[in-house]
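Have a look at the structure below before the remarks.
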Amino acid sequence: MPELPEVETIRQTLKQLVIGEEIESIQVNWENIIKYPLVEDFKYLLVNQSIQDIKRRGKFLKFYFDQHVLVSHLRMEGNYSVHKQDEPYDKHTHIIFNFSSGKSLRYRDVRKFGTMHVFKKGEQNNVKPLNQLGPEPFDEAFTIDYFAERLQKTTRMIKAVLLDQSVVAGLGNIYVDETLFKANIHPMRRAHTLSHKEITALRAFAIETLQEAIEQGGTTIRSYIDGHGDMGMFQQKLYVYGQAEEPCQVCSEKVEKIKVSGRGTHICPSCQPL
DNA sequence: TTGGGTGTTGAGTA
DNA sequence: ATACTCAACACCCA
């Protein structure tokens, strides 16, 4: 499900709903979501604490409490929603944060791939998983020079490099395919063979695509919904992802689906020659 | 019914 | 270093 635009949309929508809420108790129905610390300590550290802010780093959500930070990754299908505590929940609801207001924040994840870590404030940036991340796409640290250097020192396929969160944080399968299409670059091109012009275009289109997707509230293909339960709209603006067999909107050639670096990959063979 | 696919990522293997 | 396979898990579809 969620790449950077979806996580950012969840952050924005959820923030209005839970800022200032104090956790009274935590119900854990599937312990494997909680990676650190032990489940009992996880609960102990957060109970009686209030949510001060929600931030984002790459595809991670960060819930800020008084002394600690909850770092949450939604992986494929994780999502958050806010309910009254007496509302029923289903078998895919794995973590429930009950607030003293009578409301609760629920983490639901059909495939149970999501992760949560709690760290002392400040510590989260020095340890896994956050310390592995490359720059934010919108941050000034994501310069052309930095990007070019990372691309030039690897022979991997460009798609694999863009999916690598240590290069730049936040791109996933949808937005990589869309970005490569807009830049007219075939996903199997070796990163070190890209020209300076192509690298510049790639960076600009990645930023632009992510920005536009945020403005559209993300992309809903199957299950993604934001903190209000609303779907995204960016699926209406996709050029290649999920468009196999459809005519390319630029050249009318048939969009193809291939496999690159283990992932389903969508290209226009005419606009993105190898 | 079964196998292959799904928006993610970490581990293990050559 | 890189590529490939598998694993976590549930569901959908041909």
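Given the structure is predicted, the values throughout are model-derived calculations rather than measurements. So that the names make sense, note that chain A is the first sequence line, chain B the second, and so on, each numbered from 1.
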Say we look at [N] and [M]: how far apart would their [atom1] atoms be, to the nearest angstrom?
N	M	atom1	answer
B/dG3	C/dA7	P	15 Å
B/dG5	C/dC4	P	15 Å
C/dT5	B/dG4	C1'	15 Å
B/dT9	C/dC11	P	22 Å

Practice problem: Output the residues of residues 28-36 of chain A in contact with DNA chain B, where contact means a heavy atom of the residue under 4.0 Å from an atom of the strand; sort by number or write none. | Solution: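 Within residues 28-36 of chain A, no residue comes under 4.0 Å of DNA chain B.
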Any side-chain donor near an acceptor of the partner, [X] and [Y], under 3.5 Å:
X	Y	answer
A/Tyr175	A/Asp177	no
A/Thr265	A/Lys257	no
A/Ser100	A/Glu22	yes
A/Asp164	A/Ser166	yes
A/Gln216	A/Glu212	no
A/Asp66	A/Gln52	yes

What integer distance in Å separates [X]:[atom1] from [N]:[atom2]?
X	N	atom1	atom2	answer
A/Leu130	B/dT8	CG	P	17 Å
A/Asn79	C/dA10	CG	P	16 Å
A/Ile214	B/dG7	CD1	C1'	16 Å
A/Leu163	B/dG10	CG	C1'	15 Å
A/Met76	C/dC9	CE	P	15 Å
A/Leu4	B/dT9	CG	P	11 Å
A/His192	C/dT2	NE2	C1'	13 Å
A/Lys159	C/dA3	NZ	P	14 Å

With a 4.0 Å cutoff (strictly under), does any side-chain N or O of [X] reach OP1 or OP2 of [N]?
X	N	answer
A/His73	B/dT8	no
A/Arg108	C/dA10	no
A/Lys257	B/dT6	yes
A/Tyr241	B/dG7	yes
A/Lys59	B/dT9	yes

Exercise. Answer yes or no: is there a donor N or O on one side and an acceptor on the other, between the side chain of A/Gln165 and the main chain of A/Gly170, under 3.5 Å?
Key: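 Checked: pair present.
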At a cut-off of 3.5 Å, list every protein nitrogen or oxygen paired with a nitrogen or oxygen from nucleotides 11-14 of chain C, distance to 0.1 Å.
{"residue": "C/dC11", "atom": "OP1", "partner": "A/Lys91", "partner atom": "NZ", "Å": "3.3"}
{"residue": "C/dC11", "atom": "OP1", "partner": "A/His92", "partner atom": "NE2", "Å": "3.0"}

Practice problem: Report the nucleotide, chosen from B/dG7, C/dC9, B/dA11, that has the shortest atom-to-atom distance to any side-chain atom of A/Lys112. | Solution: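 Taking heavy atoms from C-beta onward, the closest nucleotide is C/dC9.
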Exercise. Select one nucleotide: of B/dG7, B/dG5, C/dA3, the one nearest the side-chain heavy atoms of A/Lys259.
Key: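 Per side-chain heavy atoms of A/Lys259, the pick is B/dG5.
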Exercise. Tell me which of A/Phe60 and A/Gly262 sits closer to the 5' end of DNA chain B, going by the nucleotide each one is nearest to.
Key: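 The answer here is A/Gly262.
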Assign [X] to base, sugar-phosphate, or nothing according to its heavy-atom contacts below 4.0 angstrom with the strands shown.
X	result
A/Thr154	sugar-phosphate
A/Arg263	base
A/Thr155	sugar-phosphate

Quiz item: Do the non-hydrogen side-chain atoms of A/Glu6 and A/Phe234 ever get within less than 4.5 Å of each other?
Solution: no
Quiz prompt | Donor-acceptor pair present, A/Arg111 side chain and B/dT8 base, under 3.5 Å | solution = no
Exercise. Dump the intermediate steps for side-chain contact (heavy atoms from CB on, under 4.5 Å) on A/Val28 and A/Lys43, then the final yes or no.
Key: CA-CA 9 Å; A/Val28 177; A/Lys43 291 185 187 176; 3.6 Å; yes
Exercise. Return the stacking result for B/dG7 and A/Tyr224: yes when the ring centres lie under 5.5 Å apart and the planes under 30°, no otherwise.
Key: no
Practice problem: Please find out if less than 6.0 Å separates the ring center of A/His73 from that of A/Phe60. | Solution: yes
Quiz item: What about the rings of A/Phe119 and A/Tyr36, do their centers lie closer together than 6.0 Å?
Solution: yes
Practice problem: Evaluate whether atom CZ of A/Phe138 has more than 12 neighbouring non-hydrogen atoms of other residues, nucleotides or ligands under 6.0 angstrom away. | Solution: yes
Self-check item: NZ or CZ of A/Arg108 within 45° of A/Tyr80 ring axis and under 6.0 Å
Solution: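 No; the conditions do not both hold, so A/Arg108 does not lie above the ring face of A/Tyr80.
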Practice problem: Is it possible for you to check whether A/Lys182 lies under 6.0 Å from the centre of the six-membered ring of A/Tyr239, through NZ or CZ, and within 45° of that ring's axis? | Solution: no
Self-check item: Runs of at least three consecutive pairs that involve DNA chain C, where pairs are Watson-Crick or G-U with distances under 3.5 Å
Solution: B:2-6 with C:10-14, B:8-14 with C:2-8
